[in-house]
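Encoded as structure tokens, the structure appears first; notes follow it.
Chain A is the first sequence line, chain B the second, and so forth, proteins listed ahead of strands; every chain is numbered from 1.
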Number of protein chains: 2
Amino acid sequence: MNESEKIPIPSLRRLSAYLRQLEVLSASEVTHVSSRQLANYSKVGDATIRRDLTLFGKFGQRGVGYEVDDLISTLRVILGTQRRWGVVLVGAGALGRALMRYSGFDQRGFKIIAAFDNDPKKIGTNLGDIPIHSLDELESVIDFTAARIAILTTPSQHAQEMATRLTAAGIEGILDFATPSLEVPPESYVTYVDITAHLEELTFQVSGNHP
Amino acid sequence: MNESEKIPIPSLRRLSAYLRQLEVLSASEVTHVSSRQLANYSKVGDATIRRDLTLFGKFGQRGVGYEVDDLISTLRVILGTQRRWGVVLVGAGALGRALMRYSGFDQRGFKIIAAFDNDPKKIGTNLGDIPIHSLDELESVIDFTAARIAILTTPSQHAQEMATRLTAAGIEGILDFATPSLEVPPESYVTYVDITAHLEELTFQVSGNHP
DNA sequence: GTATGTGAAGTTATTCACAGCG
DNA sequence: CGCTGTGAATAACTTCACATAC
């Protein structure tokens with residue numbers, strides 16, 4: 001995939017942050033918010049917020065601001081989460097199991113519907129209501145559930161093989177915790193999360209070994 | 001903190017990725033690598049790699065490239081991970097416990113040395129060799145261990161209070177899984193990881209609701 | 001008065017392209 | 001010759017500042 005009609009990735013990522021803040025405001029019965037107010041809740045400038053939003057349309061009212069619940073709906077439509085997404089998870093180790101137990105996905109439109117592992121002790125069991133399957137069933141379960149998104153939490157040695165099988169089986173987006181720079185077909189999309197890289201960012205800032 | 005001597009954050013984050021790749025190459029007994037080769041392993045151009053590295057010094061040899069193990073050491077010095085960092089973890093829920101079990105930190109220079117939770121059933125127990133303390137002991141344990149980095153995996157309602165206490169107790173860097181835009185004193189540093197935001201990035205790309 | 005949406009300006013980051021060194 | 005290091009050029013992103021709308 002990708003062409004994405006020229007949406008800058010930084011802008012796209014900020015949309016999720018705006019959505020979080022708006023959900024908090026909505027829960028506090030706030031009905032309207034200006035870009036200035038929204039900017040107060042983050043490190044982003046008000047002009048950036050307005051520009052980000054106008055990449056997708058005109059959602060504000062001059063002199064008033066944005067209607068909170070409307071903007072939430074709009075952002076969900078843009079991000080594709082006004083509908084529910086079934087997600088499969090490959091690798092039911094410590095991190096995979098933690099994600100399977102994480103309750104926050106539900107309210108954000110995601111549901112882990114199946115997990116896969118190669119440990120015979122886990123295969124056939126459930127964690128909560130999520131069944132853990134053998135890797136042999138990867139393709140058939142993806143086909144049956146029509147899942148399009150996968151979370152990859154295997155050891156890094158197996159990550160590329162799993163990514164190849166996942167995309168061949170119809171998965172279009174992979175959230176990769178396992179290894180940097182997975183090779184996937186051009187019509188699919190990967191985002192990589194490296195927790196140690198974030199810690200390294202902190203130690204760089206904290207230890208100040210700057211030139 | 002921060003002034004960071006003008007290191008662009010994107011460059012800084014790529015250093016961690018280079019380090020991962022170099023570690024793989026070193027394990028495969030590769031002794032030298034050119035920026036071009038390194039670029040093949042990621043989506044970054046070779047000129048970007050050279051420019052990133054020269055922000056910190058001149059580490060290559062013309063006509064040859066970079067010596068893999070040397071560059072690994074150099075990057076660790078830059079990132080501050082040639083020494084070992086004790087890290088405290090606040091919130092021993094599913095995600096916190098998964099991170100406590102994660103073995104990859106050790107080889108990257110990090111060690112979770114203590115965890116904190118408010119659940120009486122957890123307090124006083126160990127997970128692996130990591131003791132779980134009462135939150136009452138937060139300040140004293142940070143003081144005793146001289147920890148400077150913390151991982152925050154509490155429910156979001158408690159995150160700000162915990163961040164305030166952590167920084168007051170001497171923590172300088174927080175890896176925040178709990179809530180966006182924590183307020184911290186200017187001499188401390190926060191990096192935020194939002195797993196659902198990454199999933200939203202995928203659903204945006206996959207569902208193609210682009211203008 | 002207040003706040004959006006947006007050209008224009010400014011800033012930051014990436015890529016080009018090549019001189020210079022091993 | 002190959003590959004780094006780097007000015008210069010380009011591209012990407014952010015911020016300014018204001019006309020416009022409510």
Side-chain angles (χ1 to χ4, degrees), chain A residues 2-18 21-22 25 30-68 70-72 74-75 78 181 201 204 210-211, chain B residues 2-18 21-22 25 30-68 70-72 74-75 78 181 201 204 210-211:
Chain A
N2 230 333
E3 189 53 62
S4 298
E5 304 288 349
K6 300 287 98 169
I7 301 301
I9 299 260
S11 296
L12 173 57
R13 293 189 173 156
R14 283 190 299 265
L15 295 188
S16 293
Y18 305 153
Q21 280 305 343
L22 290 165
L25 291 172
V30 177
T31 58
H32 290 84
V33 69
S34 68
S35 56
R36 179 86 71 96
Q37 293 173 297
L38 210 44
N40 276 339
Y41 300 121
S42 63
K43 294 115 266 195
V44 184
D46 57 333
T48 299
I49 294 177
R50 293 198 299 280
R51 174 120 11 231
D52 285 346
L53 294 175
T54 53
L55 291 168
F56 298 93
K58 300 177 187 182
F59 309 119
Q61 221 184 328
R62 290 172 196 238
V64 180
Y66 301 87
E67 209 279 291
V68 173
D70 276 2
L71 191 51
I72 289 174
T74 301
L75 288 174
I78 292 167
S181 46
E201 191 183 331
F204 173 82
H210 313 161
Chain B
N2 229 331
E3 192 52 63
S4 296
E5 304 288 349
K6 300 286 98 167
I7 300 302
I9 300 260
S11 296
L12 172 57
R13 294 192 171 155
R14 283 190 297 265
L15 295 187
S16 292
Y18 305 153
Q21 280 305 341
L22 289 164
L25 291 172
V30 177
T31 59
H32 289 84
V33 69
S34 69
S35 56
R36 178 86 70 95
Q37 293 172 298
L38 209 43
N40 276 339
Y41 299 121
S42 63
K43 295 116 266 199
V44 183
D46 57 332
T48 299
I49 294 177
R50 293 197 301 279
R51 170 108 30 219
D52 285 345
L53 293 175
T54 53
L55 290 168
F56 297 93
K58 300 178 188 182
F59 310 118
Q61 221 183 328
R62 290 173 196 240
V64 180
Y66 301 87
E67 209 279 289
V68 172
D70 276 3
L71 191 51
I72 288 174
T74 301
L75 288 174
I78 292 167
S181 45
E201 191 182 332
F204 173 81
H210 314 159

Presence of [X] side-chain N/O under 4.0 Å of [N] phosphate oxygens OP1/OP2:
| X | N | value |
| --- | --- | --- |
| A:Thr54 | C:dG5 | no |
| A:Lys58 | D:dA21 | no |
| A:Thr48 | D:dT14 | no |

Atom pair distance, as rounded to whole Å: [atom1] in [X] and [atom2] in [N]:
| X | N | atom1 | atom2 | result |
| --- | --- | --- | --- | --- |
| A:Leu55 | C:dT6 | CG | P | 10 Å |
| B:Arg13 | C:dA13 | CZ | P | 11 Å |
| A:Arg14 | D:dT15 | CZ | C1' | 12 Å |
| B:Asp52 | D:dT6 | CG | C1' | 14 Å |
| B:Phe56 | D:dT6 | CZ | P | 14 Å |
| A:Asn40 | C:dA3 | CG | C1' | 14 Å |
| A:Arg51 | C:dG7 | CZ | C1' | 8 Å |
| A:Leu53 | D:dT14 | CG | C1' | 15 Å |

Which nucleotide in the set [options] lies at the smallest distance from any side-chain heavy atom of [X]?
| X | options | value |
| --- | --- | --- |
| B:Arg50 | D:dT15, C:dA17, D:dT14 | C:dA17 |
| B:Gln61 | C:dG22, D:dC22, D:dT4 | C:dG22 |
| B:Tyr66 | D:dT14, D:dG5, C:dT14 | D:dG5 |
| B:Ser34 | C:dT15, D:dT14, D:dC3 | D:dC3 |

Going by distance alone, is a donor N or O of one side chain under 3.5 Å from an acceptor N or O of the other, for B:Ser35 and B:Asp46? no
Determine whether the side chains of B:Thr48 and B:Arg51 contain a donor N or O and an acceptor N or O closer than 3.5 Å. no
Would you mind telling me which residue lines up with the more 5' stretch of DNA chain C, B:Ile9 or A:Gly65, judged by nearest nucleotide? A:Gly65
Side chain to side chain, A:Tyr66 and A:Leu53, heavy atoms closer than 4.5 Å: yes
For the side chain of B:Gln61 and the backbone of B:Val64, is there at least one donor-acceptor N/O pair under 3.5 Å apart? no
Has A:Gln21 got a side-chain atom pairing as donor or acceptor with A:Tyr18's backbone, closer than 3.5 angstrom? no
Heavy-atom nearest nucleotide on DNA chain D taken for A:Pro8 and for A:Asp46; more 5' hit belongs to A:Pro8
Suppose we call a contact any N or O donor and acceptor under 3.5 Å apart; does that hold for the side chain of A:Arg62 and the base of D:dT20? yes
